[in-house]
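What follows is a short report on a single structure.
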Amino acid sequence: MLADSYGRVATDLRVSLTDRCNLRCTYCMPPEGLEWLPKDEVLTDDEVNRLIRVGVTMLGIEEIRFTGGEPLLRRGLTGIVAAATALRPRPQTALTTNGIGLARTAPALAEAGLDRVNVSLDTVRPDVFEKLARRRRLPDVLEGMAGAAAAGLTPVKVNAVLMRGVNDDEAPDLLAYCLDHGYQLRFIEQMPLDAQHGWRRDTMVTADEILDRLSAAYHLEPADDHTRGSAPAELFYVDGGPATVGVIGSVTRPFCGACDRVRLTAEGQVRNCLFAREESDLRPLLRGGGSDEDIAARWRAAVATKLPGHGINDPSFLQPSRPMSAIGG
Ligand code: SAM
């Protein structure tokens, strides 16, 4: 088991497959992109598969989320998914993606055993999309979501970040779009994880504001708390249900006490939290002849040191040096 000293057990593994991305969302990356990891520092497909196998068969990982950067840019993605879903006990698998290229790859991902996708969609207006993501790719994203649904990668969950003065008026429109298409929408509060360090507490759009804006157009009712468990999203029935909308209040409504997540970066670092300032490097063991037991032992030791909370609201909070795209969101 991957247990920490506060009684939490990590069973949900977020695996970053690349730090590269084909969008430049303003809350994540600067327009020019970032200095990408050199190719030889990124784990190979075999190395990723081995870490996932150790996690599932020796450490109690039950759920795997592939992310990045943009995981659809990883050539070996389908093979990595197939290797994960061939493990026993079989983990649940999901992919967090910006949706570009998903229409084409969804059938192969479903064939490889992928269970579902989370697609990031912050706006349904092409001009706003271009402003936020600095690319004209909204039609590709919408096609990707439809392709995922058609391939059975359901429920399609949609992640949206609202930015003040850009798309903060769009919460009801996004919900209408998702309800019409049968997608499950969740709003994520903007977090201090952008490479440019532009996040500001006084301008971020809070969970309370998101709920107020939605409530102007829809009747929201909290869904039974028992359904939340360790899930980060607080769920609300929309107009009596059964459709729901979620709000992930990472900053103003932290849920660290129920966190069951652990992360692997694309170059093999274990991270206990998006906001962790420490990492534990598994790559020297992978490349230096370490045994599976050696890897499991280092991984266990890393999780044992997990802090009780992310600390964003502490006066001494310091933003981690890695941006979201290099951690794996
Ligand atoms: N490229 C994929 C995607 O777009 O979903 C996966 C990686 S992306 C880093 C994962 C999620 O993190 C996306 O939903 C994105 O909107 C979100 N994200 C990125 N930077 C963020 C920030 N500063 N605050 C909140 N969410 C952020």
Side-chain angles (χ1 to χ4, degrees), residues 14-30 33-34 36 64-74 77 94-102 105 109 116-123 128-129 132-135 137-138 140-142 144-145 148 153 156-164 166-168 170 174 178 183-201 203-207 210 232-233 246-255 261 263-266 271 273-275 310 312 317 319-320 322-329:
R14 309 281 159 119
V15 182
S16 173
L17 295 177
T18 176
D19 59 332
R20 295 170 190 246
C21 193
N22 41 9
L23 295 182
R24 295 287 180 270
C25 301
T26 53
Y27 50 75
C28 193
M29 269 194 208
L34 296 167
W36 311 124
I64 297 167
R65 172 85 62 90
F66 299 101
T67 180
E70 175 45 49
L72 290 180
L73 296 179
R74 173 97 184 200
L77 173 63
L95 175 78
T96 300
T97 171
N98 62 29
I100 296 172
L102 184 58
T105 48
L109 288 168
R116 55 175 195 80
V117 292
N118 281 45
V119 183
S120 302
L121 177 75
D122 302 324
T123 175
V128 177
F129 188 94
L132 255 179
R134 302 191 181 103
R135 298 287 186 272
R137 305 301 296 266
L138 178 61
D140 302 288
V141 177
L142 301 182
M145 293 161 71
L153 298 173
V156 172
K157 294 191 182 178
V158 174
N159 294 344
V161 176
L162 295 183
M163 298 291 287
R164 194 169 302 286
V166 183
N167 64 339
D168 58 334
E170 221 181 314
L174 277 165
C178 290
Y183 307 147
Q184 290 183 9
L185 175 63
R186 300 118 44 91
F187 290 93
I188 309 176
E189 278 181 344
Q190 186 203 359
M191 294 178 276
L193 285 170
D194 57 313
Q196 317 86 285
H197 291 231
W199 177 88
R200 287 188 36 205
R201 184 180 298 276
T203 56
M204 64 165 282
V205 181
T206 64
I210 296 166
V247 178
I248 303 180
S250 318
V251 178
T252 65
R253 302 177 177 200
F255 37 85
R261 283 167 283 286
R263 299 183 137 80
L264 275 178
T265 67
R271 287 181 70 91
C273 176
L274 283 172
F275 299 96
H310 58 38
I312 303 179
F317 173 74
Q319 182 169 339
R322 269 184 200 266
M324 180 73 124
S325 57
I327 296 172

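Any value given below was found using the heavy atoms of this structure, including those in side chains, with hydrogens, waters and symmetry copies removed. Whatever order the structure lists ligands and atoms in, that order sets their numbers, starting from 1.
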Nearest neighbour in protein (non-hydrogen) for atom 20 (N) of ligand 1: Tyr27 CD1, 3.4 Å
Please verify whether a non-hydrogen atom of Gly68 lies at under 4.0 Å from ligand 1. yes
Distance to 0.1 Å, residue and atom name: give those for the protein heavy atom nearest to atom 26 (N) of ligand 1. Val161 CG2, 3.6 Å
Suppose we measure from atom 12 (O) of ligand 1 to each protein heavy atom; which comes out shortest, and what is that distance? Met324 CE, 3.4 Å
CD1 on Ile100 to CG on Leu138, rounded to 0.5 Å: 9.5 Å
Would you say the side chains of Glu70 and Thr18 form a donor-acceptor pair under 3.5 Å? no
Are any of the heavy atoms in Gly99 under 4.0 Å away from ligand 1? no
Side-chain donor-acceptor contact under 3.5 Å, Asn22 with Arg20: no
To the nearest 0.1 Å, how far is atom 6 (C) of ligand 1 from its closest protein heavy atom, and which atom is that? Gly69 O, 3.3 Å
With a 3.5 Å cut-off and no angle check, do the side chains of Thr96 and Arg65 form a donor-acceptor pair? yes
Heavy-atom check, side chain of Ser250 versus side chain of Phe255, under 4.5 Å: yes
Minimal non-hydrogen separation, Arg253 against Ala207, with atom names: NE-CB, 3.7 Å
Please examine the side chains of Leu95 and Leu77, heavy atoms only from C-beta on, and report whether any two atoms are closer than 4.5 Å. yes
Select one of side chain, backbone, both or neither to describe which atoms of Thr97 lie under 4.0 Å from any atom of ligand 1, heavy atoms only. backbone
Value for CH2 (Trp36) from CG (Leu73), rounded to nearest 0.5 Å, stands at 9.0 Å
For Thr67, which part has a heavy atom under 4.0 Å from ligand 1: side chain, backbone, both, or neither? side chain
Taking only heavy atoms of Ser120 into account, list the atoms of ligand 1 that are under 4.0 Å away from them. 3 (C), 4 (O), 5 (O), 13 (C), 14 (O)
Which ligand 1 atoms are under 4.0 Å away from a heavy-atom of Gln190? 24 (N), 25 (C)
Minimum-distance protein heavy atom relative to atom 24 (N) of ligand 1: Met191 N, 2.8 Å
Distance to 0.1 Å, residue and atom name: give those for the protein heavy atom nearest to atom 2 (C) of ligand 1. Glu70 OE1, 3.4 Å
Under-4.0 Å heavy-atom contact with ligand 1, by part of Asn98 that carries it: both
Nearest-0.5 Å distance, OH of residue Tyr27 to CG of residue Leu162: 9.5 Å
